[in-house]
Asks: 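Please read through the structure below; I'll follow up with questions.
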Amino acid sequence: MKQSAIEPKEESRPAPTGEGAIEVEQHIIEIVSDSGEGAQTCGQMFGTISAKMGNGIWTVEIIPAEIEPPHRSRAGASGNRIRIGSKPVTNAGDTADVVVAFNEQVLYSRIDVGALKPGTIVYLDKVWDSSPQDEVREAYRAAVEDFRRMGFHVAEIPLEEDCLKYTDEPRRGKNMWALGMLCAVYGRDMDVACGEIRKKFRRKGEVVTQTNLDLINAGYNWALENLSERFFVPAVKDIGEMVVMNGNTAIGLGVMAAGMEICSMYPITPATSASHYLSSVYHTVGGFVHQAEDEIAAIGFALGASYSGKTAVTITSGPGLALKTEFVGLAVMAEIPLVIVVVQRGGPSTGLPTKIEQGDLLAALFASPGDSPKIILAPATIEECFHYMVTARKLAEQFRGPVIVLTDANLATGQQPFQRPVPKEEWLAAPIVQSDWDESVPPFAWDSETGLSNRPIPGQRGGEYVLTGLAHDEESHVAYESSINQRTMAMRSRKLAVLQKSLKPPKIHGDPEGDLLVVTWGSTLGAAIEAVDRLRKDGYKVSSVHLRFLSPFEPGLKAIFQKFKKVMTVEINYSDDLRMPYINEENRRPAQLARLLRDQTLLDIDSWSRVPGSPLPPGAIEEELRRRLTAEK
Amino acid sequence: MKQSAIEPKEESRPAPTGEGAIEVEQHIIEIVSDSGEGAQTCGQMFGTISAKMGNGIWTVEIIPAEIEPPHRSRAGASGNRIRIGSKPVTNAGDTADVVVAFNEQVLYSRIDVGALKPGTIVYLDKVWDSSPQDEVREAYRAAVEDFRRMGFHVAEIPLEEDCLKYTDEPRRGKNMWALGMLCAVYGRDMDVACGEIRKKFRRKGEVVTQTNLDLINAGYNWALENLSERFFVPAVKDIGEMVVMNGNTAIGLGVMAAGMEICSMYPITPATSASHYLSSVYHTVGGFVHQAEDEIAAIGFALGASYSGKTAVTITSGPGLALKTEFVGLAVMAEIPLVIVVVQRGGPSTGLPTKIEQGDLLAALFASPGDSPKIILAPATIEECFHYMVTARKLAEQFRGPVIVLTDANLATGQQPFQRPVPKEEWLAAPIVQSDWDESVPPFAWDSETGLSNRPIPGQRGGEYVLTGLAHDEESHVAYESSINQRTMAMRSRKLAVLQKSLKPPKIHGDPEGDLLVVTWGSTLGAAIEAVDRLRKDGYKVSSVHLRFLSPFEPGLKAIFQKFKKVMTVEINYSDDLRMPYINEENRRPAQLARLLRDQTLLDIDSWSRVPGSPLPPGAIEEELRRRLTAEK
Amino acid sequence: MYGLKKDWVLEKKPRVCVLEDYMGAEARWCPGCGDHAVLNSVQRVARDLQLAPERTVVVSGIGCSSRFPHYMKTYGFHGLHGRALPVASGIRSRRPDLDIFVVTGDGDCCAIGTAHWIHAIRYNMNMTVLLLDNNIYGLTKAQTSPTTKMTERSNTHPRGSFFVPIEPISVVLGIPNASFVAQTVDWNPPHLYETIRAGHEHRGLSFIRILQRCPHYTSHVFAEAQRDTSRILYMRHPEGINLPDAMSKIFKNQVEHDPSNISEARDLAREDAGVLPIGLFYKKPDALRYDEVTAEGLKMSAAEKIEAINNALDRFMV
Amino acid sequence: MYGLKKDWVLEKKPRVCVLEDYMGAEARWCPGCGDHAVLNSVQRVARDLQLAPERTVVVSGIGCSSRFPHYMKTYGFHGLHGRALPVASGIRSRRPDLDIFVVTGDGDCCAIGTAHWIHAIRYNMNMTVLLLDNNIYGLTKAQTSPTTKMTERSNTHPRGSFFVPIEPISVVLGIPNASFVAQTVDWNPPHLYETIRAGHEHRGLSFIRILQRCPHYTSHVFAEAQRDTSRILYMRHPEGINLPDAMSKIFKNQVEHDPSNISEARDLAREDAGVLPIGLFYKKPDALRYDEVTAEGLKMSAAEKIEAINNALDRFMV
Ligand SMILES: Cc1ncc(C[n+]2csc(CCOP(=O)(O)OP(=O)(O)O)c2C)c(N)n1
Ligand SMILES: Cc1ncc(C[n+]2csc(CCOP(=O)(O)OP(=O)(O)O)c2C)c(N)n1
Ligand code: SF4
Ligand code: SF4
Ligand SMILES: [Mg+2]
Ligand SMILES: [Mg+2]
């Protein structure tokens, strides 16, 4: 007899029916296990299978803080959240609809961070119920009761038990069984699923592959026979050629497609995996990753390469950016093209090394002493992580200076399908010019309108010059004169204004006027739009605008803002809250983008910013916007 | 027969009369020579003598860019500008009234930077007129004609010639002869002057001292007999006990008076001389200068000392600050008291290493990734350089974090007399507490209103804790929870609001309302006030306000600003000029303080900012303000 | 004991610290990680020497190994990646009364911390420096470190490292003023203990490289040396670090090495020999100590200081 | 010559570069500064080896010595204090066709640049590194440097330095993969020239320490060694750096030293011996070169790259 789905206790959730599948627009599934039990692989594969079937997906990693945390501990929870939808999915959403948990402790860790809500369906391995250890049994049983009390629909599943039929190492097989079970619940195409398994275990040999196929089938069959709930998430039609990857991989691929041959880095979470990916494939395009002795050497090496004609990229996170500060100033001063990717994590200092924050905007902009105008971009999606590498290199060369690309831990580890890019030869770096340089043209022949100039490359006869970080004239000769200093500062600054001229105003999501405009940057795009859309459905006059260029800004912002009664940013960084003791308009420290926009537009731009160490869920944004919109009325 | 002072050609200058001295409120004197000829010593002594006679003074160094530049070259000009007045002098003023030049080339270098104006009296060594080298003779003669054509009153003096009567090394004696001559022209007390010489050459023995006394007397007597012009600068009455020194020495003395026992640094111009001074006397107060292997180690060492209970100071300039960025973030995060002195120089990058700029404000405020609230002070005078060390240490300990003190190359090398400070025992660091720590109090027992807390020091039993740059809770345990991160960020930020509460609004110079308010910070104070006063005399409704706390700001700024039709900052850093191509309101990059004030007050705060590598003279500020005030009308 | 601390009368009876008094938070390294053994040894040395926990400071950088201070119940400073040594030096500069341990990793010390490492050896301030060398970046998940052996794979060199690894002992022996240079392995607790203890008893900077197993990422690297003791060269000398005979017997490969002989020490340190020497390479008890300079003037009274400041000020009187 | 550069026909006749072709701005060091002699030697080596000025890059940090590139008429990179070596390595990585010289000072290289120095030796990329060691920070006006002798006074140690100076040669010889380590003095132009020339001809990183006089701040430091040649130990060997007999004769103190013998090299490098060895300490022609790794794939065509990127992308197709 089929095990019945647990009685629904909440109106908000459609009751899982017995036979026919319930159609849903989107669903959030989590798989959590002890670190090392492979829930991450399970989740990623479930995401890929869904993407292949035409669903929109977004996956995020659930990562423990330690390398090998103890088993059955809250701190050890490892896994994945997968949000699948019938439209492109842009963020990880709010609370989970379905959770597969390999033990009750890791489930607790998800409850602690608010990932579940009453009504969430929980599939929990029941192996602990028959543990030889009394404490384990008791802990398990108490937890199940606890979970039910909290309103979750708990189904106890024979995860380890059934796996033992196929493998002696159930800890390494449970994830595939769970994948099979989910495939049944979500009606996934088992041909696609088995294909993925074959791909995944290709290098491990036939035996391993077969065991895993057995396991996925076992999970699938068990669910078909024993579970009654089925969900159906319709596919996006006609998706075209899509790829799915995380943001750091997209950066790596983008670096290659942009024709940059050198990535010079020093390991730092959460940036390093981009260079891991590059390290594994870079040689196929003739590139190489230089792991330097520290971050200073990493950027110095990159600048040396750039100076010699091979524009390089350096990839880091906050603490590494801090160390690169002095060299960034040199790149500005001596106008050396360079791409600097900063994958933001929680700060200040070592902070929350594996978690997301958008806290490095002001540091990117202002860290180098003296006036250091530079270009700053922030991709909003994983697809943009790829394409912005191409853009960044182009801008670095055209505007002859460093370009900082700010991503974050959310983009870095999140996965999302997007249109497969078609790399173009014109994106690649041109071969180094070795023809003579017209000697009458100085190495810094600034166009006095635009500040732009071309640079000679070692090897070009007639172009010999000595690059220097000292104040210098057009010939790159050291110059102490007041007027030269004033002029060259203006030349370097001017380039930003010139770049702005070539940009278009950002598109407004929603109506071009209304009660409230939400301004965002970076990875908050998807969640903010989702929140805005929900409110718009409810009749609120709210729109949003997303900034991708942070230095210079895209043009037309003030004009856009002025059409709204209120303007606010939503950011993942710290700002003072006026409701807190001692805080007032005079001393409030605003959120980072808000600060820049206030300075520029002189409009009273408020913000809602938080530092939870996790992406802002659309529901939380929605709630805050609703509060403000309602307070208005 | 007395050589007559040259005919005045300009109305603007009082004609030097034959016999009786002309009384002037203030005068600017420059002495320039080849590097190594001692014009700097001459100028400093002239300043000291004048200060001892009760004049206000301000002296600035004229420094060549190279260590041993060629003789008789514009690049080699070395010397001093001394401005003396009948009131306290707050800045170096506009153009020189009197210049003593040891050769015509160094004079050219002063003309090039606009230090002279038609009517300036020039005393020029005529030895070159009888040089055995044709080119030298010709260059000299052509120059004298040139100078006269430019409207200077040139008196050719027998500087080297007369010195040769007293010494075989006139290159090392000319400066004292020139000093004697100036003493005659300005009616300086020769007892005071000779006393200074005795002090100066104390350690060199009697013979050297006597030669120099002979030289000063020779110069004095020659001038009495041969020069007709005499100037009289009345003294300030009742000056009390005064000291005279440059800002870096004041920093050094302040460090000692503040009871800081450790100065950990890495050499960098123009900060190093502060540690040179400290190195020479620190042992007398039981302190020591640690010259580290680099700037990172310097601040790390200082933080170690601070952590162990001995609040330390680190002294640097822009490029060094860049390297300290990461550790500054740790000091904020782990709340370690530390004083960081940044003597600003021209940037970005290596920039203009010996020259002044106020370009590091935003870097000091924002460089460290993540949210890094910290206290920033900027002394405006040399006296404040001393006292702010005491303040900074106190604030660092009370608010448990880093305090950055921004000075600049102008304060660092300028000399000014001020009330002799009376060091107090209470300023000194209390001996390290070794009594037990109440174990029930965690190491970060943040007061939830103020964010303040006390810290245990190694040696205190019961206080054992592990300081960390990771996000942490009250116990200093690593904490990944959202709510803890949000709260601890707020605690660290709150401290700034609390400090602001204890500050008073800045005083307004001039009327509290009017057409224009000028806002300044750092060493521009004196020149700005002088400019404002000149305009106020002409009836303009202009006032000024000077900010000494830059993070947090002193309270009440918006209220002050709103009383004026226009508000603008005057700063020595780069900002875009709206009259330049491509620059408009949307992309203009404002001056650094202006940016912060715009963000905070949302008022349209404009600025006039320049990067000449030299202090802004009052006349230039006056001219710009006048232009704006006139344009208004 | 803590409950009584305010009761000064009771405090008078001699204080005895037990192992638990040095044990902080539960260590969160992977099971089998060599760091556990080092922690254990340091705690036992502290207990055996009766170091006061409140006068003991453990300073570290960032890395798996640098989590060390959290697991001690003493003062600790878990600072920035690569920067433990300057911090420890600053602490030492005015606190001759403290016992200072520094824990650093092969990335922390020999990559980003190189400059501080070299100069700390030169300063020779009194502290015990433990380099936990697992030949890999552990915390950031397996990148090549300066001590990674050639052809070993890592996430940054998936096709094998093409760098000649640095030899930390050779480097240190090239720095003048090195005063105590030793090597040991995490899997021989008695030797580990003796080495740390000897290091702590040395006045000056004792540099101890500990070959440390990282079962998570580089389980094979020291497997051979662990299995086959003939891969280890046991250095012995009356002035060196010695195990009781019963324990030292297990090392078939032994050499008598006088730790005052720097030339021999340098030759022994060369890793191309294929054996892993453990014991004391070099010791120079009279090497200059910078901390003796920095602590000068510590005892000066406030009145003396004020007088000196007044004197200094007077020189600028007009 | 330059006037003709667009005329390709005329260009065909063999190009001969004369000394002026390497002479940039007029050198602005103090009169008598040893840096002048080094500049001169480098220019002569460049001329004698007919290095193309446009393919020669001189990289430096910050310091008096680091002004060097400005005085050459080649490409130059006058970067940041202490950071010449990473920049030079980056340039080298994809430009095997360039001739690279690095000029650094004792502060630049042995203080703030220490980490890069150690690791650059290990990377052993092809370049000629000149350490202009004047035992002082010149540009910033006389502060103690890591090579300042004990008790010497400076502005930061007016009562005399209390540090044991670092021995740059000993340090370098402690780093595995060092491939060319030599020492010379600015005041013996023939030896200076031969050393730089030998360094340039070596394939790999040649590290050359040049004792350089700073008459402005440390005029006395090398005065003795300059006056009395017996203070110098001339190292000779067929594989080493040798002067014609007539010139080498002036060195009363000579030793035959085989530059493949590292132990002997290390013993010779010790500065406590009281003599100043000049010549080649060590050479390892077959040391691994990282620049051979980094230059792999340079010749790949755009089409090949596009294909590889497509392959990489395909692995992520859904
Ligand atoms: C400035 C900075 N750069 C990089 C990092 C990232 N990081 C943390 S630990 C580590 C290396 C750890 O390796 P190791 O020192 O060998 O210690 P282990 O984990 O192996 O014990 C790195 C690169 C950081 N925290 N800070
Ligand atoms: C980051 C940074 N710190 C400090 C300085 C200041 N500085 C310039 S050169 C120099 C030392 C120069 O000494 P050395 O390397 O021996 O060269 P020398 O002048 O003696 O040739 C220092 C400390 C700087 N420019 N940048
Ligand atoms: S990763 Fe390696 S070094 Fe780090 S805790 Fe695990 S076993 Fe130890
Ligand atoms: S200060 Fe010394 S090193 Fe610098 S240029 Fe002068 S003599 Fe040469
Ligand atoms: Mg390691
Ligand atoms: Mg030097």
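Proteins get letters first, then strands, A, B, ... in listed order; numbering begins at 1 in each.
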Asks: Once you round to the nearest 0.5 Å, how far does CD of B/Glu586 lie from OG1 of A/Thr601?
Replies: 10.0 Å

Asks: Would you mind checking which part of A/Pro555 comes under 4.5 Å of any heavy atom in chain B, side chain (CB onward), backbone (N, CA, C, O), both or neither?
Replies: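 It is both, since atoms from each part get that close.
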
Asks: Of the backbone (N, CA, C, O) and the side chain (C-beta and beyond), which part of B/Gln344 lies under 4.5 Å from a heavy atom of chain A, both, or neither?
Replies: neither

Asks: Is it the side chain or the backbone of A/Leu596 that comes within 4.5 Å of chain B heavy atoms, both, or neither?
Replies: side chain

Asks: Identify which part of B/Glu357 has an atom lying under 4.5 Å from any heavy atom of chain A, answering side chain, backbone, both or neither.
Replies: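 Just its side chain gets close to chain A.
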
Asks: Go through the atoms of A/Ser493 and report whether side chain, backbone, both or neither lie under 4.5 Å from a heavy atom of chain B.
Replies: both

Asks: Answer with side chain, backbone, both or neither: which region of B/Arg492 has an atom nearer than 4.5 Å to a non-hydrogen atom of chain A?
Replies: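 Side chain only.
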
Asks: First locate atom CG of B/Leu330, then atom OG1 of A/Thr350, and finally report the distance between them rounded to the nearest 0.5 Å.
Replies: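 Reported to 0.5 Å precision, the distance equals 6.5 Å.
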
Asks: Could you look at B/Leu496 and say if it's the side chain, the backbone, both or neither that has a heavy atom under 4.5 Å from chain A?
Replies: side chain

Asks: Counting only non-hydrogen atoms closer than 4.5 Å, does B/Ile296 touch chain A with its backbone (N, CA, C, O), its side chain (CB onward), both, or neither?
Replies: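 For B/Ile296, side-chain heavy atoms alone lie under 4.5 Å from chain A.
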
Asks: B/Arg610 versus chain A, heavy atoms under 4.5 Å apart: side chain, backbone, both or neither?
Replies: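 Its backbone and side chain both get close to chain A.
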
Asks: Could you look at B/Ala75 and say if it's the side chain, the backbone, both or neither that has a heavy atom under 4.5 Å from chain A?
Replies: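 No part of B/Ala75 comes within 4.5 Å of chain A.
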
Asks: Measure the shortest side-chain to side-chain distance between A/Gln486 and B/Tyr574 over non-hydrogen atoms and say whether it is less than 4.5 angstrom.
Replies: yes

Asks: Identify which part of A/Pro590 has an atom lying under 4.5 Å from any heavy atom of chain B, answering side chain, backbone, both or neither.
Replies: side chain

Asks: Using non-hydrogen atoms and a 4.5 Å limit, figure out which bit of B/Asn584 sits close to chain A: side chain, backbone, both or neither.
Replies: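 The answer is the side chain of B/Asn584.
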
Asks: Which bit of A/Ala334 is near chain B, if near means a heavy-atom gap under 4.5 Å: side chain, backbone, both or neither?
Replies: neither

Asks: Roughly how far, to the nearest 0.5 Å, is OG of A/Ser349 from CG of B/Asp371?
Replies: 13.0 Å

Asks: Before you tell me yes or no, could you show the steps for A/Tyr480 and B/Leu352 under side-chain contact (heavy atoms from CB on, under 4.5 Å), namely the whole-Å CA-CA distance, both residues' side-chain angles and the distance that decides it to 0.1 Å?
Replies: CA-CA 7 Å; A/Tyr480 293 106; B/Leu352 295 168; 3.5 Å; yes

Asks: Are the side chains of B/Thr450 and A/Tyr582 in contact, using a 4.5 Å heavy-atom criterion?
Replies: yes

Asks: Non-hydrogen atoms of chain B under 4.5 Å away: do they reach the side chain of A/Gln358, the backbone, both or neither?
Replies: neither

Asks: Heavy-atom cut-off 4.5 Å, strictly under: side chain, backbone, both or neither for B/Gln500 against chain A?
Replies: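 Contact with chain A is through the side chain of B/Gln500 alone.
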
Asks: Could you tell me which portion of A/Asn485 (side chain, backbone, both or neither) has an atom closer than 4.5 angstrom to a non-hydrogen atom of chain B?
Replies: both

